Structure formats: structure tokens, C-alpha cells
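Below, read A as the first sequence line, B as the second, and so on, with proteins coming before strands; counting in each chain starts at 1. Because the structure is a prediction, the values reported are computed rather than measured.
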Amino acid sequence: MEDDTVETVSFTVNGLPQRVEAYSSTPLLWVLRDHLEMTGTKYGCGIAQCGACTVHVNGEAVRSCQLPLSGLAGADVTTIEGLASHGGATLQRLWAEMNVPQCGYCQAGMLMAAADLLKKTPKPSDPEIDAVMTNICRCGTYPRIRAAIKRAAGVAA
Amino acid sequence: MNQLALAPQLDRRQFLVTTGVVAGGMALALSPADAASAMAPPPAPWGPDAAQGFEFTPWIEIAADDSVTVRVPNPESGNGTMTQMAMNVAEELGCAWKNIRVEIASIHRNYAENRVYTKGSLPFFGGHGTDKVRMAHTMRLGASARERLKAAAAARWKVPASEITAAESMLSHTASKRSLRYGEVAAEAAKISLLAEPELKPQAEWTLIGKASPAKLSIPAIADGTAVFGIDVKLPGMVHAALKQVPVMGGRLKSFKPDAVKHMPGVRAVIAIDPAKSGKSPVKDETSFGLGNSEAQHAVAVVADHFWQAKMALEMLPVEWDLGSGTHYRDQTDIYEGMRSIRDVGESDEVLKKGDVSTATGKRIVEAEYLSPYGENAVMEPLGGTALVTSDTCEVWCATQDTMQAFWVSVDETGLAPAQVKIHGTAMGGNFGRRTQAEDIRMAVAVARQYPGVPVKTIWTREEMFRQGRYRTPISTKFRAVLDDASGLPQAVSGDLCFAGDRKLFQLTQGYADPPYFNSGAIPHVKLTTINFPVHVLNGAYRGPCFNSNAFITETFIDECAHAAGIDPVEYRLALLAKWEKPWSDVLKLAAEKAGWGQKLPRGEGMGIAITNWPMATIPHFGSTMATVARVAVSKDGVLAVKRIDIAFDCGKVANADAVRAQIEGGTLFGLNMTLNEEVTIRNGAIVEGNYDEYPMLRMGDSLPEIHIHFEALSGHDRFDLMGELPVGPVGPAVGNAIYSATGKRLRATPFRKQDLSWT
């Protein structure tokens with residue numbers, strides 16, 4: 001990391017242009033949290049295991065802890081703060097109605113993953129849900145997450 | 001370093017608003033909707049530092065717009081404790097549920113204002129949120145506020161208060177057809193003192209508790225990303241710290257070279273933490289469990305503008321440690337062997353004795369030993385906290401299970417007077433016991449003390465979390481039963497249990513010494529002992545401390561006795577529970593019936609059952625009792641699928657049925673993960689696992705069981721007992737017992753994933 005340089009990169013977050021100067025290696029996760037003060041995206045593991053940091057980049061759900069600033073030029077990023085205006089409002093409403101979260105720390109990532117799933121697969125089967133919803137929840141809210149996704153999709157529980 | 005010397009004078013809630021506005025200034029000319037959603041300042045989850053607005057008590061504020069803010073000293077950890085407290089208040093206050101919001105009480109007010117948050121209530125943890133003491137206390141607060149609202153309306157209308165009704169945030173006088181909103185008289189009502197406090201209404205008249213199941217009030221902010229967890233706190237001028245504690249517990253810092261990283265971008269300071277330099281509270285602390293398990297660890301930290309800079313510099317920092325004597329444990333099996341050895345030859349404490357086990361005469365002996373390993377709480381939100389320390393103040397923003405503990409740890413670490421210390425509780429990304437002792441908050445304060453005048457946010461990396469845990473206490477138990485020749489039930493049971501770890505607070509015998517089998521007279525001769533194997537690895541609170549292990553061990557052993565006697569495990573347990581309170585048998589029977597117990601299953605499939613109580617099975621009509629039945633399938637090459645779980649329980653009554661259901665679902669999956677997957681291992685005294693890739697967690701794609709929760713065994717006894725810890729206990733032994741039924745393989749240790757389940 002000694003040769004890590006500081007660079008300035010422009011991209012958009014939830015439709016707003018942003019310019020950030022930081023270490024090239026700074027993950028999008030920390031760019032969002034520390035530089036742009038958007039803390040809805042969570043740090044959980046830093047190694048793409050837990051999915052708490054999931055955001056959408058150019059329309060794809062990604063683990064933001066793995067995407068360095070240097071790869072962000074021109075990217076279009078959507079975070080949990082912008083999910084309601086990017087097709088996630090129904091999921092967010094059902095999350096509350098169906099009492100899905102417990103501690104809630106993993107749920108921003110869960111919602112971002114679920115929104116991406118429903119955009120690409122509007123009526124997902126259980127195996128399709130399993131394949132995409134790989135995030136970790138320590139509280140054990142998985143049954144409710146599945147139920148809420150199915151209700152949002154209008155498929156039988 | 002002193003650019004923010006003014007910071008302590010400003011109001012922290014104002015800070016959040018200010019930073020939000022500043023951030024909003026960067027929004028340029030874009031869609032206002034996006035700008036609003038992206039840049040809206042999050043509301044502070046903590047309450048004010050002193051009385052504000054129309055405060056009826058430090059617990060309740062009613063605003064002119066009718067909104068009711070309930071300030072709760074027990075932070076929300078996901079089990080709904082704050083929502084339950086609000087339900088209790090609303091039940092008596094008669095406000096519309098939509099008008100309710102909750103804040104985490106600022107616990108420093110407790111010290112400044114005559115113990116307002118601890119008198120009549122218990123300030124610690126969330127799991128006890130529905131207990132009788134807190135329920136009655138919060139209902140009284142609501143009733144009192146309601147009567148004061150009535151008195152204020154009565155004064156306005158010049159009618160007797162007794163003629164006024166209060167419901168749905170409206171005060172009404174039927175005879176004169178007048179009405180007022182709560183908010184319209186809140187200012188006057190807040191100033192009224194009642195001559196006598198009102199009686200609580202009878203349970204039959206409750207409309208919320210036991211009737212409604214509102215979702216947690218915390219959820220909307222979680223779902224839109226505005227919830228403020230400990231890691232999310234923002235303060236002007238705030239800097240970030242990354243922390244590394246000595247890799248082997250009990251070791252010390254030998255040397256480090258700050259100059260090697262001081263030039264790196266953003267780096268402001270490189271700090272060493274020496275526990276000997278911790279302060280000392282100038283007065284006796286008022287914690288629930290003392291400060292003894294909150295001590296600082298030898299550590300280094302880098303303070304930088306941004307966390308990523310701090311983390312990178314810390315990784316580059318040359319550090320030499322004196323790792324101490326813990327290194328002589330080559331791996332965890334050295335510890336397990338030590339436990340076995342001291343258990344069998346050491347001087348134990350007798351924790352239960354009935355009759356005389358040496359007089360038992362049966363021919364069938366059941367003897368086995370069991371082991372539960374180290375485990376990490378693995379809360380999703382990393383530990384840490386934000387602290388601003390000056391020469392005469394300390395202010396901390398943090399996620400804590402116990403605000404009182406966080407307060408007194410901060411007092412203790414700084415050595416400041418309690419009146420100089422403030423704690424602001426935040427949303428909490430899981431606890432499961434990990435945030436009870438507040439040693440992470442001590443470390444955050446210890447870092448900030450060395451960078452005074454500036455708010456410093458310390459964040460533990462996931463690797464630091466795994467390797468600096470306060471782990472599930474390992475337990476090694478040997479059980480021996482002499483079965484009665486006629487009945488097959490044990491005439492005598494002897495047990496010898498060894499804990500590993502020096503922390504007595506987390507060496508509990510629940511699930512071992514308290515089951516009714518051993519205490520109701522069902523087994524005439526019982527002798528149970530405990531002993532401790534001292535070791536450098538720190539043990540701590542892990543959801544249902546020790547109970548989670550003892551439940552597995554005892555319920556596996558009883559199952560072994562049933563099979564040795566040739567008696568169905570449900571019938572066997574019913575026989576052993578015959579002298580005990582009926583709800584236990586009811587719970588057991590209901591779970592078995594709903595699961596279809598007794599049906600013929602093909603080889604490789606099986607059912608198992610277990611029953612436990614938390615927190616104290618020896619007291620009738622106390623705590624919560626749960627029976628879990630697991631149905632499993634094991635392929636010949638040993639691949640396990642837990643297909644279905646059926647659960648019956650008795651906690652007396654339920655206050656919020658969906659909240660109880662959520663705790664049972666989540667707790668069962670937690671217990672399943674603990675049983676199937678979890679073990680923290682050791683190499684040369686240090687913890688091996690550093691992240692989730694080495695510590696597998698169940699995910700949605702792991703063929704999770706269907707979970708069926710049955711409410712019909714509720715006894716209706718007048719208590720609303722706890723449900724946070726209990727479900728973690730019975731699921732593991734139920735699955736293990738089911739595996740035995742399916743394959744004939746008896747699993748006497750966890751995690752199951754490390755054992756060969758293949759069969760022929």
C-alpha cells in the first residue's frame with residue numbers, strides 16, 4: 001500500500017454529482033460513509049462476505065467494500081438513502097409492515113440486494129431468492145426477508 | 001489539535017442538523033427529491049441532556065402537535081424493548097399509537113436528576129423489557145401523565161376531572177360536548193402535580209398490551225438508511241481511529257514506531273493504550289454488574305481524518321508485542337484437555353446435592369462427556385464508539401446494551417466526576433451479550449483521552465472483533481446416570497462441569513443445575529459439581545450465557561438415558577417432569593404433537609426433542625419454558641438438512657405476539673448456527689478466525705428449516721416473561737437428538753459441521 005496514491009474521482013450518488021479526493025484504494029463503502037457522510041451503507045466485514053455494504057453501481061448490486069475509488073470514475077451509484085426513489089419504496093414499506101428487521105444493521109444491504117433481485121426477476125422462486133440474497137443477518141430475520149420479498153413480488157409465500 | 005475546542009459547548013443534536021445542512025450545501029442543482037432523501041439530517045436517536053419542551057417526567061414529553069416522546073433507558077437491540085416500553089406507556093396514557101416515538105434516554109440525567117431512569121426500573125439490557133417491574137413502572141408513568149392532562153382540561157373547562165375521558169390523544173367532556181387534543185393542554189398539564197397517583201386499569205381493559213402487535217418503531221429509519229447506529233455518529237471535526245489490541249490476551253505492548261506512519265495522508269496521531277493508565281472513578285459506581293470485566297487492553301491506535309487512512313496506517317505500523325504466557329496453548333484442544341483434566345481431578349464446588357448418589361443400585365449405567373467450544377457473538381455492527389474528552393468533560397456517543405455501564409466505564413476511564421460525563425445511546429447493530437460490559441467504550445475513551453478536544457470515532461475492524469472477543473465460555477461436562485432397573489428412569493445422576501475462563505460472571509449453571517429433572521424429586525440422588533480452568537482467553541456474555549451450552553449437554557444426556565432405557569424420549573421426559581409444574585409437560589406435549597412425533601420415518605430421517613427454561617427453571621411459574629422438536633434428514637455421506645422445527649413455549653402471557661414470534665424465529669436460527677457452525681479456535685494463544693469466511697454463518701441459501709411456532713401451551717399465568725435468550729437453548733440438542741434418531745450417531749460436542757455424520 002506504500003505506492004497507493006491520492007486521486008480525485010467524479011461519479012454520481014443517488015443522482016447527485018460527487019467529487020472525492022482520497023487514497024485510490026479507498027473502498028466505495030468508506031467514500032460514502034466518511035467522505036460523503038452517507039452512513040446508511042454499513043461496514044460489516046470488509047471482505048465481501050456479509051453484504052451489509054451492498055449498493056447499486058450502474059444498476060447492479062455490488063459489495064461496496066470491494067470497489068476502490070479508482071474504479072468509480074463516471075459510475076452511477078444508488079444507496080439505501082436513494083432507494084425509495086429508485087424502485088425500493090414497496091420493499092421499504094413491507095419491511096416495516098412485516099416487522100422484518102431486528103437490530104437492523106444488515107437491513108440496508110438486504111434491501112439493496114432484494115431491490116436488485118426484483119428488478120431483474122420480478123417473480124422470484126425460492127432458489128432464485130437464495131441465489132441472490134447471500135447477505136448475513138445475525139439476528140435471524142431470514143424468514144421474514146423471504147416473506148417480504150415474496151409479498152412485494154406478489155408471489156405465494 | 002485544538003481547532004474544535006469549542007465543540008463541547010455546542011448542543012449535540014444541533015451538530016447533527018448542522019452537518020446535514022452543510023452536506024446539503026454540496027447538493028448543487030439537482031432533483032429536490034433526491035437531494036432531500038440523500039441529505040436529510042438523521043434524527044438523533046438519543047434524548048436531550050436536560051428537560052425540554054412539555055416534559056411530564058424525564059420519560060415522557062408531549063408536544064403541541066400531540067406527538068408523545070417516550071425516553072427509554074434501555075436501548076433497542078432488535079428485540080423491540082423500546083417499542084414495548086412505549087406500548088406500556090401508551091396503554092395508560094391513551095394516546096394514539098401513531099403519535100408515539102421513542103428516544104434513548106440520556107443516562108447522565110439519571111445521575112443529575114435523582115436517579116429518574118433507574119428508580120422503579122432496571123436500566124440494563126433489552127431482553128427483560130416486558131418484565132413486571134418495568135411494565136408496571138412505565139404504565140404508571142403513562143397513567144400519571146393522562147391524569148395530569150385531564151386535570152389541565154378540567155381547569156380550562158371548570159368541570160371535575162373525573163368527568164373527563166381520555167382516549168386516542170383526545171380529552172372529552174361528554175356532558176358539555178367539548179374536546180381538546182393532548183397537545184393543546186400539554187403545556188399546562190406538564191406543570192401539574194397530582195395529589196395522588198392513579199391506580200392502573202385492570203388487564204381486562206387493556207387495548208394494546210396483549211391485543212395489538214405493532215411493529216418496532218425503529219424500522220422506518222432502518223429501512224430508509226437514516227437510523228443512527230454507533231458507527232454512524234457524525235460530529236463536526238470528528239476524526240477516526242483504528243485499533244489493534246495485543247494479539248494474545250494477557251500480553252503487552254513492547255515497542256512501536258510511530259514515525260514510520262506519521263507522514264501518511266490524514267494521519268494525526270499514533271497512540272499506545274496502557275491499561276495501567278486508565279483513570280479511576282472518584283465515586284462508587286452504580287452499575288448493575290460492576291466494572292470488573294471492562295478493563296482496557298494493551299493496544300495501539302492510529303487517529304486519522306478518515307477511517308480508511310487510519311486502518312492503512314495501522315497496518316503499516318511496526319509493532320512489537322510481548323505476547324505473554326497465553327502462547328503456550330498451541331491450539332484449543334490444549335485448553336479442552338486442561339478442562340477435562342482439572343474437571344476429573346480438581347477440587348470442585350458442589351452446586352446441587354440430593355440424596356446420596358453412591359446408594360444407587362441399577363445395572364444400566366449411562367456415562368458420557370460433552371463439550372461446547374469458544375464462540376464469538378459476531379454482532380453485525382462492529383464495536384467502538386465516539387468520544388470527545390477535554391480536561392474536564394467527557395462525552396460519548398455509542399451503541400451499548402447497558403447505558404449505565406457505558407456511563408460508569410467512561411467515568412472510570414477518565415477519572416472525571418460523574419457530573420462531567422455524558423453518554424448518548426444510539427441504535428445498536430446486535431448485541432447478544434457483547435455490548436454488556438462496555439470495554440469497547442472504555443477503549444474508545446482511552447483513545448480519545450490521548451487526542452483531547454476533538455471527537456474521535458474508534459471502529460473495531462471485523463478482524464479485531466473476532467480476535468478480541470469476550471467469548472462464549474467453553475464447557476466440558478461429564479454426566480453419569482444409574483438407571484432404575486424397573487422404571488428405566490435415573491436413580492442417580494452425577495455431573496462434573498468445567499468452565500474455561502476467569503470471569504465468574506459468565507460461569508452460569510442454568511440448564512445444568514436447575515432443570516426440574518434434578519430438582520423436583522424425580523431423580524432421588526443427584527450430585528453436580530463445577531470447577532474452573534483458568535486461561536488467558538477472556539470469556540464473556542454470549543446470548544443466554546452458559547445456558548446455551550448446558551441446554552445442549554443436559555438435553556443430550558437425558559436423551560441418551562431415554563434411549564438406554566428403551567423409552568420414547570418424549571414419554572421419558574414426561575415421566576421425569578411428572579412431579580413438576582404442568583406447563584412444562586404441556587409445552588413438551590404440544591411441540592411433539594404439532595411436529596407429528598412418533599410417525600414412522602425412513603432411515604436417515606429423524607426427530608429429536610429438547611425442553612429448557614431461562615433464566616431459572618427451579619422456580620415454578622418463572623421465566624420462560626420452551627420445547628423444540630427438530631426433524632432432520634442425513635444423507636449417507638453425512639450431509640445434514642434440518643427440515644422443520646416445531647416450537648411450543650410458556651412465558652405466562654404475551655404482550656406483543658409478533659414480537660415474541662420474531663424473537664423465537666431469530667433465536668432459533670441463532671441457536672442453530674451456534675450448534676452447526678460456531679467454534680473459535682486458537683493457535684499459540686491467539687484467536688485464529690478473523691472474519692466470516694472463516695466463521696460460517698447460516699444464510700438464506702442454506703436450506704433453512706421451516707419454523708412452526710405454537711402459542712397454545714401458554715399457561716396464562718400472570719407474567720410476561722422473557723424470550724430473548726431462551727430459543728437459543730433447545731434447538732441444538734433437538735437437532736442432535738434427531739441426528740441420533742436418523743443415523744444412530746450421538747453428537748456430544750458442537751459444532752456439528754466439524755463432525756462426520758455419514759452412516760451406512
Side-chain angles (χ1 to χ4, degrees), chain A residues 1-2 4 6 13-17 22-23 25-27 30 34-35 37-47 49-50 52 79-85 92 95-97 99-108 111 129-131 133-146, chain B residues 19 23 27-28 30-31 33-35 37-38 77-79 215-216 218-220 222-229 231-232 234 240 265 306-309 312 315-316 378-382 427-430 432 459 461-462 658-659 662 665-670 691-693 697 699-701 704 707:
Chain A
M1 290 188 202
E2 279 286 25
D4 203 352
V6 171
V13 181
N14 301 328
L16 307 183
Y23 270 133
S25 67
T26 312
W30 294 107
D34 275 10
H35 294 262
E37 299 197 335
M38 299 174 68
T39 52
T41 303
K42 300 299 191 235
Y43 165 62
C45 70
I47 61 165
Q49 277 285 317
C50 76
T79 69
I80 187 70
E81 289 92 344
L83 183 63
S85 50
Q92 289 171 308
W95 245 240
E97 272 179 30
N99 202 23
V100 171
Q102 289 192 25
C103 84
Y105 192 77
C106 72
Q107 298 291 341
L111 279 159
I129 293 173
D130 291 344
M133 299 300 294
T134 56
N135 301 18
I136 295 172
C137 170
R138 182 56 154 162
C139 299
T141 63
Y142 300 132
R144 286 173 190 243
I145 290 172
R146 185 183 302 279
Chain B
T19 54
L28 307 177
L30 280 150
S31 136
D34 271 342
S37 67
S77 61
N79 62 1
K216 285 181 288 299
S218 54
I219 296 180
I222 287 168
D224 68 14
T226 57
V228 179
F229 289 84
I231 200 171
D232 300 332
K234 295 169 206 164
H240 296 76
H306 297 295
F307 180 70
W308 188 251
Q309 297 166 331
M312 286 183 64
E315 284 167 7
M316 304 288 292
V379 297
M380 294 306 296
E381 182 190 2
M428 195 180 346
F432 318 117
I459 300 172
T461 61
R462 179 57 58 189
D658 193 57
E665 289 166 3
T668 296
L669 290 174
F670 189 105
N691 213 315
Y692 293 115
D693 56 337
M697 310 288 287
R699 302 178 197 232
M700 289 178 75
L704 302 179
I707 301 174

Query - From OH (B:Tyr692) to CZ (A:Arg138), nearest 0.5 Å - result: 7.5 Å
Report summary line: Rounded to the nearest 0.5 Å, the CG atom of A:Asp130 sits from the CG atom of B:Leu704 at a distance of 8.0 Å
Query raised in the report: A:Leu111, A:Ile47, A:Val100: which one forms the most heavy-atom pairs within less than 4.5 Å of chain B?
Result: A:Ile47
Report task. Identify whether NZ of Lys or CZ of Arg in B:Arg699 sits under 6.0 Å from the centre of the six-membered ring of A:Tyr142 and within 45° of that ring's axis. Result -> no
Report task. Decide side chain to side chain contact (heavy atoms under 4.5 Å, CB included) for B:Trp308 and A:Asp34; before the verdict, give the C-alpha distance in whole Å, the side-chain angles of both, and the deciding distance to 0.1 Å. Result -> CA-CA 9 Å; B:Trp308 188 251; A:Asp34 275 10; 5.8 Å; no
Report summary line: So CE of B:Met380 and SG of A:Cys137: to nearest 0.5 Å the spacing works out to 7.5 Å
**Report entry** B:Ala427 portion near chain A, given a 4.5 angstrom heavy-atom threshold
**Finding:** neither
Requested in this report: Measure across A:Tyr105 and B:Pro382 and return the closest heavy-atom pair with its distance rounded to 0.1 Å.
Outcome: OH-CD, 3.6 Å
Query raised in the report: Non-hydrogen atoms of chain A under 4.5 Å away: do they reach the side chain of B:Phe229, the backbone, both or neither?
Result: side chain
Query - Side-chain donor or acceptor of B:Arg462 paired with backbone N/O of A:Gly46 under 3.5 Å - result: no
Query raised in the report: Hey, what do you get for CD1 (A:Ile145) to CE (B:Met700), rounding to the nearest 0.5 Å?
Result: 5.5 Å
Requested in this report: Show the numbers, then the answer: is there a side chain to side chain contact (heavy atoms under 4.5 Å, CB included) between B:Glu381 and A:Cys103?
Outcome: CA-CA 9 Å; B:Glu381 182 190 2; A:Cys103 84; over 6 Å; no
Requested in this report: Answer with side chain, backbone, both or neither: which region of B:Thr461 has an atom nearer than 4.5 Å to a non-hydrogen atom of chain A?
Outcome: both
Report task. Output the option from A:Lys42, A:Arg146, A:Gln102 having the highest count of non-hydrogen pairs under 4.5 Å with chain B. Result -> A:Gln102
**Report entry** B:Ile222 versus A:Gly104, closest heavy-atom pair with distance
**Finding:** CG2-O, 3.5 Å
Report task. Rounded to the nearest 0.5 Å, what's the gap from CG on A:Asn135 to CE on B:Met697? Could you check? Result -> 12.5 Å
Query raised in the report: Looking at A:Gly44, A:Gly40, A:Ala22, which has the largest count of heavy-atom pairs under 4.5 Å with chain B?
Result: A:Gly44
Query raised in the report: What are the two closest heavy atoms between A:Pro101 and B:Ile219, and how far apart are they?
Result: CD-CD1, 3.6 Å
Report task. Indicate the atoms forming the closest heavy-atom contact of A:Thr39 with B:Asp232, along with that distance. Result -> O-OD1, 3.3 Å
Query raised in the report: Based on non-hydrogen pairs under 4.5 Å, which of A:Cys45, A:Gly140, A:Pro143, A:Cys139 is most in contact with chain B?
Result: A:Cys45
Query - Most contacts with chain B, counted as non-hydrogen pairs under 4.5 angstrom, among A:Arg144, A:Gln92, A:Gln107, A:Met133 - result: A:Arg144
Report task. Rounded to the nearest 0.5 Å, what's the gap from OG1 on A:Thr26 to CD on B:Gln309? Could you check? Result -> 7.0 Å
